[in-house]
Amino acid sequence: MPQNLLDFDLAGLTAWFAERGEKPFRARQVFRWIHQSGVTDFAQMTDIAKSLREKLQSEAIVQVPAINYAHVSADGTRKWLFDVGPGSDAAADQAWRNGIETVFIPEDDRGTLCVSSQVGCALECTFCSTGRQGFNRNLTVAEIVGQLWVAQHSLKTEPNRTTGEIAERPVSNVVMMGMGEPLANFENVVTALGIMLDDHAYGLSRRRVTVSTSGLVPAMDRLAERCPVALAVSLHAPNDALRDQIVPINRKYPLAELMAACRRYLVHAPRDFITFEYVMLAGVNDQPAHARQLIELTRDVPCKFNLIPFNPFPDSGYEKPRAEALRVFREILQDAGYVVTTRKTRGDDIDAACGQLAGKVADKSGRVMKRIHREAA
Ligand code: SAH
Ligand code: SF4
């Protein structure tokens, strides 16, 4: 099997080169060709000696995940569906293949890419369609970084919709808020983050790369040590009784421990606040009393709130909050001095909103239809 060079950060690539008697600066050149120039064909790496290019051709590849489709929404939001191979439940019947989604959200002053870290998720938050699918597998480094590679290199040839300019680096921000729990795929995510930050690759600022976690406390501490980037914590409830219900990982790491972990993280973080994400579920966690409890809970944690109106999906059992409930909730937090943003829903027409990302790709060979027919018979 040839080695996929997209699986390596610069240290890993340098070590792989060293095993083959190649100097570190050669590894750096190849790394830059791959990530900065978007070149996957060794023959096009013109400043690399022909003998090395030939060696690379026989031992290595640069392989990004296969694109199943790319959609553009009316508001400019883009979504890619990548095919990342057969699903584990499809061993006997290859009807489904694993899919992961990546969303690009263009704004005037930045371009944010929402990146997936796992196929499915084991944590089973009750309002999340990824959680409902269950866990399939962790993404590899190549599959995580590959999402950024595809977005950066396909978007940089296109003019900005408002300004008409061609941006050198259209993706300025990355949020690990796609499918999966990034801290449950710790090593691969940390390696991928390192590549995103590396000046020889994408050179993103630590402040512009955000990991979103549902609250895996020990992994938050390890992230602070290994790769402190901006942190978003999916809070969603102001007390343990409610959070135990809707974010089941809370039974393992309850709120007092989570708040303490947030305070510890801030010692290392590139920003001086934690972003608390709060999905607003009508009648469940959107009452004024919940907002007042949140103020108590987060008293000692410098933070901002990001309120996310629930995005419905079939059979979710939840409803979007009423506009009035959202307004009252926001005002209670704002009156207490908090900075509160309400996430606008983008890319609604292409199902690219939070919690709507799908995890399966229908096998294009038609076996899906055969299976459906068989089951219906
Ligand atoms: N696993 C990580 C990151 C991925 S989810 C986490 O939970 O933080 C990114 C955000 O989308 C999380 O805050 C998550 O709770 C939220 N989300 C999930 N399902 C949603 C839905 N149906 N509507 C709105 N937000 C949702
Ligand atoms: Fe997993 Fe995050 Fe969805 Fe919870 S909200 S099930 S942690 S992806």
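Counting convention: from 1, in listed order, for ligands and their atoms alike. What's counted below: heavy atoms across the whole structure, side chains too, no hydrogens, waters or symmetry copies.
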Tell me, which protein residue and heavy-atom name are nearest atom 2 (Fe) of ligand 2, and how many Å apart are they?
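Answer, as residue, atom name and distance: G180 O, 4.5 Å.
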Can you confirm, on distance only, whether ligand 1 has an N/O atom lying under 3.5 Å from any N/O atom belonging to N311?
yes
Would you check whether M177 has a nitrogen or oxygen atom less than 3.5 angstrom from a nitrogen or oxygen atom of ligand 1?
no
Test side chain to side chain contact (heavy atoms under 4.5 Å, CB included) applied to N188 - qualifying residues, sequence neighbours left out
V141, I144, N185
Under 4.0 Å from a heavy atom of [X]: which atoms of ligand 1 are those, numbered in the order shown and with their elements?
X	result
H236	13 (O), 14 (C), 15 (O)
I308	24 (C), 25 (N)
E277	10 (C), 12 (C), 13 (O)
C128	18 (C), 19 (N)
S214	6 (C), 7 (O), 8 (O)

Between [X] and [Y], is there a side-chain N and carboxylate O pair less than 4.0 Å apart?
X	Y	value
E54	K50	yes
E225	R222	no
R226	E187	yes

So does D47 get a backbone contact from the side chain of W33, meaning a donor-acceptor N/O pair under 3.5 Å?
no
Any donor-acceptor N/O pair, H153 side chain to H35 backbone, under 3.5 Å
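Checked: pair present.
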Heavy-atom pairs closer than 4.0 Å: do any link ligand 1 to the side chain of T213, the backbone, both, or neither?
backbone
Could you pull out all donor-acceptor pairs under 3.5 Å where a side-chain atom in residues 266-273 meets a protein atom, sequence neighbours excluded?
unit_1, atom_1, unit_2, atom_2, d
R271, NE, R207, O, 2.9
R271, NH2, R207, O, 2.9

Closest non-hydrogen atom pair, Y278 against A237:
CE1-N, 3.5 Å
Under the ring pair (Phe, Tyr, Trp, His ring centres under 6.0 Å) rule, what pairs show up with a residue in residues 205-233, not counting sequence neighbours?
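Matches after skipping sequence neighbours: none remain.
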Is there a side-chain contact between I308 and F127 in this structure, where contact means two heavy atoms from C-beta onward sitting under 4.5 Å apart?
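No. Closest side-chain heavy atoms not under 4.5 Å.
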Rounded to the nearest 0.5 Å, what separates atom NZ in K320 from atom CZ in R322?
14.5 Å
Quick check for you: within a radius under 2.8 Å, how many protein N, O or S atoms neighbour atom 4 (Fe) of ligand 2?
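My tally for this metal is 1.
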A student comparing P309, G180, C121 should find that the heavy atom closest to atom 1 (N) of ligand 1 comes from G180
So, does S129 sit close enough to ligand 1 that a heavy atom of it is under 4.0 Å from the ligand?
no
